[in-house]
Amino acid sequence: MAIEHTEQNTKQLGLLLVEEGFINSNQLQVALKLQEKNPKTSKNHKYLGQILIDKGYISADQLHHIMNKYHKKSRLGDILLRDETITEQALDFALKEQKRTGERLGDILLKKSLISDETLRQALSTQLNIPYIDISRLEIDPILSRRINRDYAFRHKIIPISMTEGSITLAMDDPTNSELASELEMFTRLKINIVTSSQSAIKGAFSRLYPSGIIPSAINEEDTLSDINVGMDFGFNPEDDDPYETSKPQYIKAEDNKRADMLVQQLLAWALKRHASDIHLENLDRHMVVRFRVDGLLQEFKLGTLQDNINRFRREIISRIKVLCKLDIAERRLPQDGSFRSHVIRDGEKTDIDFRVSVVPSHHGENIVIRILDSQEAPSTIEHLDFSETLTKNLTHLFKQNTGIILITGPTGSGKSTTLQSGLLTAYRPGLKVVTAEDPIEYVYDNFMQCEINEKIGLTFASYIRVFLRHDPEIIMIGEIRDGETAEMAIRAAQTGHLVLSTLHTNDSLGAISRLSGLGINPSMISSSLIGVVSQRLARKICPQCAEDYTPEQSLISEFFTSPPTDINWQKGIGCEECNYTGYKGRVAIAELWEPSQHDILLINKQAPLEELKLSTRKSTIPLIQEALQKLREGKTTLDELIRIIPYAYIEDHRKQLAVKG
């Protein structure tokens with residue numbers, strides 16, 4: 001957890017807590033006065049956050065929330081300097097070494113014998129606002145060994161030291177590993193309280209708590225989830241007993257459906273840990289291939305013993321997923337669709353995760369794709385999409401318009417729905433009526449009237465627009481324009497004083513004109529209502545954990561440039577465990593924006609040739625290639641990735657323009 005490290009940060013933290021409603025002004029003044037009594041030079045000095053916790057004004061979780069939200073992070077080096085544990089010269093040396101090797105600062109200081117293990121742990125406890133406890137002096141209840149699997153505890157160097165109703169306290173060798181704490185909260189359904197201690201104390205406590213047998217051999221990190229014998233809370237079957245008491249051995253003789261339930265939970269947890277958007281379960285001869293869509297690409301991970309169990313119980317796993325979705329488990333010839341919900345504990349709060357499931361029969365059996373809809377990953381406003389400053393400003397202004405139609409275009413998987421919903425959130429203001437037709441509804445918002453398409457009973461995009469017009473909305477969002485009837489209804493709604501937002505499958509922004517014309521829309525109707533078209537792609541971001549400088553091949557540079565640029569610091573990810581050795585982690589949207597000018601509108605009405613319209617739109621378009629190269633200069637992606645996602649016609653046109661200018 002972050003802690004302020006300057007007087008200015010202290011005051012800012014206090015004001016933020018007041019603004020967020022966690023404390024009042026009087027409580028802040030009391031805490032500040034207490035802090036003044038013990039200045040930073042005093043051994044009894046406490047940070048403001050700790051004082052507020054000690055006084056009972058806020059909880060540790062509330063402080064953690066504010067610190068993360070506003071990035072109020074104290075640096076480990078500053079803490080060690082303040083405590084006079086190291087000198088500035090030693091810190092400078094360690095920071096240079098960190099930049100060279102990529103190791104953590106604490107590990108470098110420890111390896112160079114500049115600090116002791118105990119000193120490092122105490123500094124980390126100050127930085128993270130967690131207790132440092134000498135657990136070598138604690139009497140640990142042996143029954144706690146039943147709560148955490150022995151192999152799992154050994155691999156992650158964690159020791160359960162106490163437990164109360166609804167929570168468990170763990171001593172962690174690496175207290176910065178928040179993912180591990182989240183993983184344990186997910187599986188144990190208990191609130192995890194973290195403390196730290198010295199390595200020797202943790203090792204000694206492990207020997208006392210797990211005395212039997214030989215120390216477990218190290219297991220691959222990929223096997224982590226297969227060793228936790230507790231389940232996720234699916235929330236809709238409360239009468240079921242929890243079959244995964246942690247005191248039981250990992251491989252027990254139990255009913256196959258209970259085994260399948262555990263394996264499904266482990267699969268979902270694995271996907272959430274890796275921030276996957278989809279899970280693909282593909283039945284082959286005598287085994288099942290499990291792949292996760294991460295950053296837009298399907299990836300296979302080493303699942304260890306989990307994969308062996310999946311192969312063994314693949315039919316039971318499919319049946320269990322069907323049961324969760326309330327599908328017909330006896331039907332194995334026809335495709336089926338369903339959904340279910342799970343609850344995950346994060347930062348002490350319960351988060352709902354929705355899972356959309358599609359089951360399709362194939363030669364070797366049924367295949368399943370699970371789409372993960374994490375409410376914490378729900379889109380926010382345009383300002384949070386990491387577009388360039390110019391594009392963000394223009395898009396924000398566009399979505400604030402009162403009438404007209406705005407289209408988001410691009411191929412499947414280009415992030416159109418995210419940008420569409422971000423635009424909707426940007427357009428919304430209190431006092432406006434917002435209605436949406438979606439297929440399906442992915443994220444639910446309190447201020448919108450959201451409706452889901454069901455073509456089996458006649459609820460189509462076009463039929464919803466007709467109904468919406470009788471509900472007096474200001475903003476209408478249509479998930480996708482697929483046919484001429486929907487296109488005509490959407491444009492008529494825009495012409496009658498509504499702001500209409502929708503998506504189209506086209507390769508570029510100008511392709512929206514051809515697509516609408518192909519659906520039978522009169523060019524004059526298009527030009528009178530169309531106020532903006534966004535065309536976008538998603539580029540994978542360079543993994544920050546393994547990024548390093550490099551020089552691309554000349555043949556690659558010449559794809560984009562007539563001569564090597566001098567304003568780009570070339571970087572790429574070399575591959576690490578964090579990014580599954582792909583060199584990429586996360587994605588960023590790259591978009592172009594066309595706002596039709598009067599001359600563009602005139603050419604649309606005249607049904608001018610596409611090339612003539614294309615030349616005209618250059619003056620009214622923020623080009624996609626410009627945004628792509630901006631991301632390249634910022635060190636967020638690579639040339640290889642841009643070539644993968646950007647249509648070659650864009651690149652060729654850009655190179656020709658450079659040649660003309662040069």
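Basis for what follows: all heavy atoms, side chains included, without hydrogens, waters or symmetry-related copies.
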*Run the side chain to side chain contact (heavy atoms under 4.5 Å, CB included) check on Ser358 and Val360 step by step: do they pass?*
CA-CA 7 Å; Ser358 176; Val360 177; 4.0 Å; yes
*Would Lys433 and Asp472 count as a side chain to side chain contact (heavy atoms under 4.5 Å, CB included) if you check the C-alpha gap in whole Å, the side-chain angles of each, and the deciding distance to 0.1 Å?*
CA-CA 7 Å; Lys433 177 69 174 284; Asp472 191 29; over 6 Å; no
*Kindly indicate, with the supporting measurements, whether the criterion side chain to side chain contact (heavy atoms under 4.5 Å, CB included) is fulfilled by Leu297 and Arg540.*
CA-CA 10 Å; Leu297 297 180; Arg540 291 180 296 169; 3.1 Å; yes
*Tell me, with the steps shown, if Gln536 and Thr419 meet side chain to side chain donor-acceptor pair (under 3.5 Å).*
CA-CA 9 Å; Gln536 71 175 57; Thr419 302; 2.5 Å; yes
*Run the numbers on Val290 and Leu306 for side chain to side chain contact (heavy atoms under 4.5 Å, CB included), then give the verdict.*
CA-CA 10 Å; Val290 181; Leu306 177 58; over 6 Å; no
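At distances below 3.5 Å, at least one donor-acceptor pair connects side-chain atoms of Gln450 with backbone N or O atoms of Tyr443. Counting only distance, with no hydrogens or angles, the side chain of Lys416 and the backbone of Gly410 share a donor-acceptor pair below 3.5 Å. Counting only distance, with no hydrogens or angles, the side chain of Glu592 and the backbone of Ser509 share a donor-acceptor pair below 3.5 Å. Under a 3.5 Å cut-off, the side chain of His156 and the backbone N or O of Phe154 do not form any donor-acceptor pair. Under a 3.5 Å cut-off, the side chain of Thr381 and the backbone N or O of Ser422 do not form any donor-acceptor pair. Between the side chain of Glu300 and the backbone N or O of Arg291 there is no donor-acceptor pair closer than 3.5 Å. The backbone N or O of Asn283 sits less than 3.5 Å from a side-chain atom of Asn367, completing a donor-acceptor pair. With Ser502 contributing its side chain and Ile478 its backbone, the two residues share a donor-acceptor pair below 3.5 Å. The closest donor-acceptor contact from the side chain of Glu452 to the backbone of Ile441 lies under 3.5 Å. Of the possible polar contacts, none joining the Thr409 side chain to the Val533 backbone as a donor-acceptor pair under 3.5 Å is found.
The side chain to side chain donor-acceptor pair (under 3.5 Å) with Glu366 is formed by just one residue from the set Arg332, Arg333, Lys322; it is Lys322.
When only modelled atom types and interatomic distance are considered, Thr496 and His498 share a side-chain donor-acceptor pair under 3.5 Å.
Looking at Asp640 and Lys572, no side-chain N of the basic residue comes within less than 4.0 Å of a carboxylate O on the acidic one, giving no salt bridge. Electrostatic pairing of Glu316 and Arg314 does not count as a salt bridge here, judged by no charged N lying under 4.0 Å from a carboxylate O. One finds no salt bridge joining Glu641 and Arg587 here, because no Lys/Arg side-chain nitrogen approaches an Asp/Glu carboxylate oxygen to under 4.0 Å. Contact check on Arg482 versus Asp439 returns a salt bridge, with a Lys/Arg side-chain nitrogen under 4.0 Å from an Asp/Glu carboxylate oxygen.
Contact of the Val500 side chain with the Phe468 side chain is not registered, since no non-hydrogen atoms from C-beta on lie closer than 4.5 Å. Counting heavy atoms from C-beta on, the side chains of Gln421 and Tyr445 come closer than 4.5 Å.
Arg537 is linked by a side-chain hydrogen bond (donor to acceptor under 3.5 Å, both in side chains) to nothing, counting only residues two or more places apart in sequence or in another chain.
To the nearest 0.5 Å, atoms CG (Leu519) and CG (Leu504) are separated by 7.5 Å. Atom-to-atom distance recorded for Leu263:CG and Trp270:CH2 is 13.5 Å, nearest 0.5 angstrom. Atoms CG and OG1, from Leu398 and Thr426 in turn, are 10.5 Å apart once rounded to the nearest 0.5 Å.
Summarising the local packing, CG of Asn507 is surrounded by 12 or fewer heavy atoms from other residues, nucleotides or ligands at distances under 6.0 Å. Around the CD1 atom of Ile329, the shell of radius 6.0 Å holds no more than 12 heavy atoms that belong to other residues, nucleotides or ligands.
Closest approach of Ala427 and Leu499 over heavy atoms only: CB-CD2, 4.1 Å. Of all heavy-atom pairs spanning Ile491 and Ser529, the tightest one is CG2-OG, 3.3 Å. Nearest heavy atom pair, residue Ala493 against residue Ile476, reads CB-CD1, 4.2 Å.
In this pair, Tyr428 and Phe448 present their aromatic rings perpendicular. The plane angle is above 60°, beyond the 30 to 60° band.
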